[in-house]
Student: 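Pasting a structure below so you can have a look.
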Number of protein chains: 2
Amino acid sequence: MGLTKTEIFSEQQNQIAVFAKAFAHPARVAILQHLFKMDTCVCGDLVIEIGLAQPTISQHLKELKQLGLIKGNIEGTSVCYCIDQENWNKMKKILNEFFDLDISAAGNCC
Amino acid sequence: MGLTKTEIFSEQQNQIAVFAKAFAHPARVAILQHLFKMDTCVCGDLVIEIGLAQPTISQHLKELKQLGLIKGNIEGTSVCYCIDQENWNKMKKILNEFFDLDISAAGNCC
DNA sequence: TTGTTTCATTGCAATATTACGATATAACGA
DNA sequence: TCGTTATATCGTAATATTGCAATGAAACAA
């Protein structure tokens with residue numbers, strides 16, 4: 001049905017999934033990598049850097065912004081985006097807790 | 001168009017996206033958490049544990065298996081799944097390299 | 001004001017994902 | 001052999017995602 005049954009999962013499980021979805025597209029990975037690489041903030045250079053149309057980039061930026069991973073500031077006619085450090089670290093913490101689940105017990109059957 | 005333009009991105013960017021997609025659904029997060037929690041391997045208990053139909057769980061398991069994050073062994077009529085430690089660690093390394101990009105330079109504009 | 005630049009939004013088409021009923025398959029016990 | 005159990009696969013319906021052309025909105029310069 002294309003509809004995820006979020007109600008049967010824990011809040012934590014849903015949050016992990018929502019954050020993971022942010023990185024589940026190479027364009028968004030590329031955008032974030034570029035925002036990290038540039039010491040000065042980027043705006044529509046992303047359209048040139050990445051090879052996608054402007055509306056497409058704008059849409060990906062919107063998703064990252066709604067998740068809180070990036071911030072955007074209007075500067076004249078252009079918009080300056082950058083990583084939201086606080087939320088980025090929160091996301092890292094939540095995902096790393098999941099990645100670092102104790103593996104010692106599992107993995108001994110197959 | 002629903003079709004990701006993978007060809008314009010680097011192999012690394014695509015790989016991050018593919019791994020992230022594994023966690024981009026709470027059911028797969030729940031499956032992996034359960035596989036970590038149980039010291040003995042699980043099979044169709046997942047259908048009971050998680051509240052989804054058997055074909056749906058089977059489909060999610062297939063995706064995780066294709067990615068190499070889990071392994072499955074046939075034991076009689078049931079199938080025993082567990083984390084593939086080697087690939088799990090590979091995935092962790094790739095995603096953490098991305099998460100740990102130097103934040104000092106970025107994030108000072110907004 | 002008019003034109004330009006930059007970005008967001010809208011609307012749409014194409015593909016992907018999620019979920020499940022029905023069915024197939026494979027191993028086992030009686 | 002026959003029935004049971006456990007899982008996989010198929011087919012299908014519904015929703016989500018991706019991408020872009022066209023258009024709108026806002027700031028600026030002339």
Side-chain angles (χ1 to χ4, degrees), chain A residues 1-9 13-14 17-31 34-35 41-67 70-82 109-110, chain B residues 1-9 13-14 17-31 34-35 41-67 70-82 109-110:
Chain A
M1 300 184 220
L3 179 95
T4 298
K5 289 191 165 180
T6 51
E7 67 277 7
I8 66 171
F9 300 105
Q13 287 164 341
N14 282 312
V18 166
F19 276 131
K21 218 170 280 183
F23 314 116
H25 194 286
R28 291 191 290 270
V29 172
I31 287 172
H34 196 72
L35 287 182
C41 270
V42 217
C43 19
D45 304 322
L46 290 163
V47 177
I48 299 161
E49 275 289 323
I50 305 166
L52 292 171
Q54 179 265 322
T56 309
I57 298 290
S58 197
Q59 192 177 314
H60 284 304
L61 285 169
K62 191 181 172 186
E63 286 172 50
L64 291 172
K65 202 170 153 192
Q66 278 175 339
L67 257 178
I70 64 173
K71 292 186 285 189
N73 257 26
I74 299 173
E75 284 187 3
T77 58
S78 59
V79 178
C80 169
Y81 284 100
C82 64
C109 68
C110 310
Chain B
M1 299 184 223
L3 180 97
T4 298
K5 289 190 162 180
T6 51
E7 68 278 7
I8 66 171
F9 300 104
Q13 288 164 341
N14 282 314
V18 165
F19 275 132
K21 217 170 281 183
F23 313 117
H25 194 287
R28 290 190 290 271
V29 172
I31 286 172
H34 195 73
L35 287 181
C41 270
V42 217
C43 20
D45 304 322
L46 290 163
V47 177
I48 300 163
E49 275 289 323
I50 305 166
L52 292 171
Q54 179 267 322
T56 308
I57 297 290
S58 196
Q59 194 176 312
H60 284 303
L61 286 167
K62 190 182 173 187
E63 286 172 51
L64 291 172
K65 201 170 153 192
Q66 277 176 338
L67 257 177
I70 64 173
K71 292 185 286 189
N73 256 28
I74 299 173
E75 286 187 2
T77 57
S78 59
V79 178
C80 167
Y81 283 101
C82 63
C109 69
C110 309

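Residue numbers begin at 1 in each chain, while the letters A, B, ... track the order of the sequences.
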Student: Atom CD1 of residue position B/I74 - does it have more than 12 heavy atoms of other residues, nucleotides or ligands inside 6.0 Å?
Tutor: no

Student: Sequence neighbours excluded, which residues qualify as side chain to side chain donor-acceptor pair (under 3.5 Å) partners of A/Q59?
Tutor: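 For A/Q59, no residue satisfies side chain to side chain donor-acceptor pair (under 3.5 Å) once neighbours in sequence are set aside.
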
Student: At under 4.0 Å, does any side-chain N or O of B/Y81 touch on OP1 or OP2 of D/dA8?
Tutor: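 The answer is yes; a side-chain N or O of B/Y81 sits under 4.0 Å from OP1 or OP2.
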
Student: To the side chain of B/Q59, which of C/dA19, C/dC7, D/dT7 is closest?
Tutor: C/dA19

Student: Run the numbers on B/L61 and B/V79 for side-chain contact (heavy atoms from CB on, under 4.5 Å), then give the verdict.
Tutor: CA-CA 11 Å; B/L61 286 167; B/V79 178; over 6 Å; no

Student: Nearest-Å distance, CG (B/L52) to C1' (C/dG21)?
Tutor: 15 Å

Student: Using a cut-off of strictly less than 4.0 Å, decide whether A/K5 has a side-chain nitrogen or oxygen near OP1 or OP2 of C/dC20.
Tutor: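 Yes, such a contact exists.
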
Student: Does a side-chain N or O of A/H60 approach OP1 or OP2 of D/dT17 to a distance below 4.0 Å, or not?
Tutor: no

Student: Without decimals, in angstroms, what is the distance between B/L46 CG and D/dA6 P?
Tutor: 14 Å

Student: Calculate the interatomic distance between A/I48 atom CD1 and C/dC7 atom P; express it in whole Å.
Tutor: 9 Å

Student: Between A/S58 and C/dC7, does any side-chain N or O lie under 4.0 Å from OP1 or OP2?
Tutor: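 Checking C/dC7 against A/S58, no side-chain N or O comes under 4.0 Å of OP1 or OP2.
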
Student: May I ask you to decide if A/K21's main-chain N or O and A/R28's side chain share a donor-acceptor pair within less than 3.5 Å?
Tutor: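 At least one qualifying donor-acceptor pair exists.
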
Student: Given the rule in the side-chain contact (heavy atoms from CB on, under 4.5 Å) test, do A/Y81 and A/D45 qualify, once you have shown the distances and angles that lead to the verdict?
Tutor: CA-CA 11 Å; A/Y81 284 100; A/D45 304 322; over 6 Å; no

Student: Any chance you could measure B/H34, atom NE2, to B/I31, atom CD1, to the nearest 0.5 Å?
Tutor: 10.0 Å

Student: Given atom NZ of A/K62 and atom C1' of C/dT6, what is their separation to the nearest angstrom?
Tutor: 17 Å

Student: List for me each residue that meets side-chain contact (heavy atoms from CB on, under 4.5 Å) alongside A/L67, sequence neighbours excluded, and say none if there are none.
Tutor: A/V18, A/F19, A/A22, A/L69

Student: Taking the side chain of A/S78 as heavy atoms from C-beta outward, which of D/dG19, C/dT6, C/dC20 is closest to it?
Tutor: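 Of all the options, the side chain of A/S78 is nearest to C/dT6.
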
Student: Go along nucleotides 22-30 of chain D 5' to 3' and tag each nucleotide: B for a protein heavy atom under 4.0 Å from its base, S when only backbone or sugar atoms are that close, - otherwise.
Tutor: B----BS--

Student: In whole angstroms, how far is the P atom of C/dT9 from the CD atom of A/E63?
Tutor: 12 Å

Student: Starting from the 5' end of DNA chain C, give me the residue, A/T4 or A/I57, whose nearest nucleotide shows up first.
Tutor: A/I57

Student: Between B/D45 and A/G51, which residue's closest nucleotide on DNA chain D lies nearer the 5′ terminus?
Tutor: B/D45

Student: Could you check B/K65 against B/F9 and say which one's nearest nucleotide on DNA chain D is further toward the 5' end?
Tutor: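 The residue closer to the strand's 5' end, by nearest nucleotide, is B/K65.
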
Student: Using whole Å, report how far CG of A/L61 lies from C1' of C/dT6.
Tutor: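 It works out to 13 Å between those atoms.
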
Student: Nearest whole angstrom, please: distance from the C1' of C/dC12 to the CG of B/L3.
Tutor: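 So the two atoms are 16 Å apart, to the nearest Å.
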
Student: Just how far, in rounded Å, is C1' of D/dA8 from CG of B/L64?
Tutor: 16 Å

